[in-house]
Amino acid sequence: MIYTCTLNPSVDYVVHVQDFQLGDLNRMSYDVKFPGGKGINVSRVLKRAGVESEALGFIGGFTGAYVEECLKEEGISTNFIHVNGDSRINIKLKTKSETEINGQGPVISNEQVRKLIKQVENLQNDDVLVLAGSIPSSLPSDFYTKLSKIAKKQGAKVVVDVSGKVLLDIVEQGPFFIKPNHHELGELFDVTIETPEEAIPYGQRLLELGAENVAISMAGKGALLITRKAIYQATVPKGNVKNSVGAGDSLVAGFLATIINNGEIVEAFRRGVASGSATAFSLELCTQEDVERLIPKIEIKKLD
Ligand SMILES: Nc1ncnc2c1ncn2[C@@H]1O[C@H](COP(=O)(O)OP(=O)(O)O)[C@@H](O)[C@H]1O
Ligand SMILES: O=P(O)(O)OC[C@H]1O[C@](O)(COP(=O)(O)O)[C@@H](O)[C@@H]1O
């Protein structure tokens, strides 16, 4: 079974303003709400790919109730721990560019932390635990590392999509799959990464530090998969980008949807990239039809 863990779920509030003026009254030309948070996005895309998962994490308030209701309507199993405060609202402002304003989220108590740890302690051999998204400020910064250690002890595979030093700490736990984007990878090593060639040595470094498989997504510039056996580079199809929120999570979900069915890792990478692009070209997360249509357009070459 795949379990996604979203420590800080969100209501993603996507708003479009034609000509946004800071400090002025602006009127939206459209607005739409989605259940959000990286782990939750992974569960939603997995479901559309026909793969079941269970969404874990902390959730609360009227916003949390909205997220739970949406997932229930989509037939996604949840086992959230309920907290007192409201789950956050993350604003995705689309104007001339994309600006994100992500909320803080509610305070998590020690008792609630203990409940989540108990859930991870119940993982079984060959389960997959997806740790994705930011860690609430009320939790210790090494919380993902703690969860990862417990999951690995249970024989579960760990998949990670986080940024910053947390990623460096967690690679030492030997995660099965990690997916930084090229900006996050550059920040990790205090360099600027603009091309796949510049990204490769840093992706290899993450492998040396313990990660089993490293995907580096580069938005419209394609993506890399670095494994112990080989390095693969994928092109991404051209298309009209409508909303790239959730594109990274869709790559993770598409990759896992193939792996969980014992698919070959390069085909998993292909499905992941197609899922990411399909989401970028959609107003919300990708449908399976979108993904199937893009798969033949993904070119993957093995680098020497
Ligand atoms: N402009 C784009 N054109 C085509 N595909 C895109 C674009 N932006 C994102 N994608 C797809 O989504 C994947 C993840 O996007 P990226 O922005 O790198 O991740 P994240 O959302 O984690 O920052 C990319 O590998 C690609 O497949
Ligand atoms: O675009 P990505 O990286 O796939 O993830 C999008 C998701 O991440 C979020 O921006 C939350 O990110 P953080 O947990 O890092 O704050 C959600 O609002 C959104 O659903």
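Note: hydrogens, waters and symmetry copies are ignored here, and every other heavy atom, side chains too, is used. All values reported here derive from a predicted model rather than from experimental measurement. Counting convention: from 1, in listed order, for ligands and their atoms alike.
- Backbone and side-chain nitrogen or oxygen atoms of Lys179 are examined, and one is located within less than 3.5 angstrom of a nitrogen or oxygen of ligand 1.
- Contact annotation: for Ser163 versus ligand 2, there are no heavy atoms closer than 4.0 Å.
- Residue contacts with ligand 2, taken as heavy atom pairs separated by less than 4.0 Å, do not involve Lys179 at all.
- Taking each of Gly222, Gly276, Ser217 in turn, the one with a heavy atom nearest to atom 11 (C) of ligand 1 proves to be Gly276.
- We find that Lys221 and Glu198 are not joined by a salt bridge, their nearest charged nitrogen and carboxylate oxygen being 4.0 Å or further apart.
- Between Glu208 and Arg228 there is no salt bridge, since none of the side-chain N atoms of the basic residue sits less than 4.0 Å from a carboxylate O of the acidic one.
- Each of the following atoms of ligand 2 lies closer than 4.0 Å to a heavy atom of Gly36: 20 (O).
- Inclusion of Asp249 in the set of residues having an N or O under 3.5 Å from an N or O of ligand 2 is warranted.
- Closest approach of Ala253 and Val42 over heavy atoms only: CB-O, 3.6 Å.
- With hydrogens and angles left out, the side-chain atoms of Glu187 and Ser163 include no donor and acceptor closer than 3.5 Å.
- Of the candidates Ser277, Ala278, Gly246, it is Ser277 that places a heavy atom closest to atom 26 (C) of ligand 1.
- One finds a salt bridge joining Asp169 and Lys165 here, because a Lys/Arg side-chain nitrogen approaches an Asp/Glu carboxylate oxygen to under 4.0 Å.
- Protein heavy atom at the shortest distance from atom 11 (C) of ligand 2 is Arg88 NH2, 3.5 Å.
- Taking every non-hydrogen atom of Gly133 and a distance limit under 4.0 Å, the qualifying atoms of ligand 2 come out as 14 (O).
- In this structure the side chain of Lys179 reaches within 4.5 angstrom of the side chain of Ser217, judged on heavy atoms.
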* Is there a side chain to side chain donor-acceptor pair (under 3.5 Å) between Glu289 and Thr287 once you walk through the steps? -> CA-CA 5 Å; Glu289 296 70 30; Thr287 66; 3.3 Å; yes
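- With respect to atom 1 (O) of ligand 2, the closest heavy atom belonging to the protein is Gly246 N, 2.9 Å.
- Annotation: atom 24 (C) of ligand 1 to nearest protein heavy atom, Ala219 O, 3.8 Å.
- Less than 4.0 angstrom separates some heavy atom of Val273 from each of these atoms of ligand 1: 27 (O).
- Between Lys157 and Glu212 there is no salt bridge, since no side-chain nitrogen of the basic residue lies less than 4.0 Å from a carboxylate oxygen of the acidic one.
- If you look at Asn41 next to ligand 2, the close heavy atoms, those under 4.0 Å, all belong to the side chain.
- Heavy-atom proximity to Glu100, at under 4.0 Å, picks out these atoms of ligand 2: 10 (O).
- For a threshold of 3.5 Å applied to N or O pairs, the pair formed by Phe281 and ligand 1 contains no separation below that value.
- In summary, the side chains of Thr4 and Ser53 do not present any donor paired with an acceptor at a separation below 3.5 Å, with no hydrogens or angles considered.
- The shortest N or O to N or O distance between Gly248 and ligand 2 is under 3.5 Å.
- Assignment of Pro237 to the shell around ligand 1 is supported, since a heavy atom sits closer than 4.0 Å.
- When each atom of ligand 2 is checked for a heavy atom of Ala247 under 4.0 Å away, the hits are 4 (O).
- Residue contacts with ligand 2: Gly37 is placed with a nitrogen or oxygen under 3.5 Å of a nitrogen or oxygen of the ligand (distance criterion only).
- In terms of N/O distances under 3.5 Å, ligand 1 is approached by Gly248.
- Between Phe269 and Ile298 there is no side-chain heavy-atom pair separated by less than 4.5 Å.
- Near Val245, the atoms of ligand 2 lying under 4.0 angstrom from a non-hydrogen atom of the residue are 1 (O), 6 (C), 19 (C).
- If you check which protein heavy atom lies closest to atom 8 (O) of ligand 2, you get Lys38 NZ, 2.9 Å.
- A salt bridge links Asp19 with Lys96: at least one charged nitrogen is closer than 4.0 Å to a carboxylate oxygen.
- Side-chain heavy atoms closer than 4.5 Å link hydrophobic residues (I, L, V, M, F, W, Y) into clusters, and following such links, even through other members, never connects Leu207 to Phe255.
- Among Val162, Asp161, Asn102, Asp12, the residue whose heavy atom lies closest to atom 19 (C) of ligand 2 is Asp12.
- Nearest protein neighbour of atom 14 (O) of ligand 2, counting heavy atoms only, is Ser134 N, 2.8 Å.
- Each of Lys297, Arg48, Arg271 was checked for a salt bridge (Lys or Arg N to Asp or Glu O under 4.0 Å) with Glu292, and the lone residue meeting it is Arg271.
- Near Asn90, with a cut-off below 4.0 Å to any heavy atom, the atoms of ligand 2 are 11 (C), 17 (C), 18 (O).
- Remark: Gln204 CD is packed, more than 12 non-hydrogen atoms of other residues, nucleotides or ligands lying under 6.0 Å away.
- Residues Ile40 and Leu71 are in side-chain contact: their nearest non-hydrogen atoms beyond the backbone lie under 4.5 Å apart.
- Ranking the protein heavy atoms by distance from atom 23 (O) of ligand 1 puts Asn181 ND2, 2.9 Å first.
- Taking a cut-off of under 4.0 Å to the non-hydrogen atoms of Ser10, the atoms of ligand 2 that pass are 17 (C), 18 (O).
- Near Leu251, the atoms of ligand 1 lying under 4.0 angstrom from a non-hydrogen atom of the residue are 25 (O).
- Annotation: atom 15 (O) of ligand 1 to nearest protein heavy atom, Ala247 CB, 3.8 Å.
- Summary of contacts: the protein heavy atom closest to atom 1 (N) of ligand 1 is Val241 CG2, 3.2 Å.
- Annotation: atom 10 (O) of ligand 2 to nearest protein heavy atom, Lys92 NZ, 2.8 Å.
- Here CG of Leu123 is found 9.5 Å from CG of Leu147. Values are rounded to the nearest 0.5 Å.
- The side-chain heavy atoms of Tyr144 and Gln173, taken from C-beta on, include no pair separated by under 4.5 Å.
- Contact detail for Val120 and Gln154: the closest heavy-atom pair is O-CG, 3.9 Å.
- Listed by number with element, the atoms of ligand 1 under 4.0 angstrom from any heavy atom of Met218 are 18 (O).
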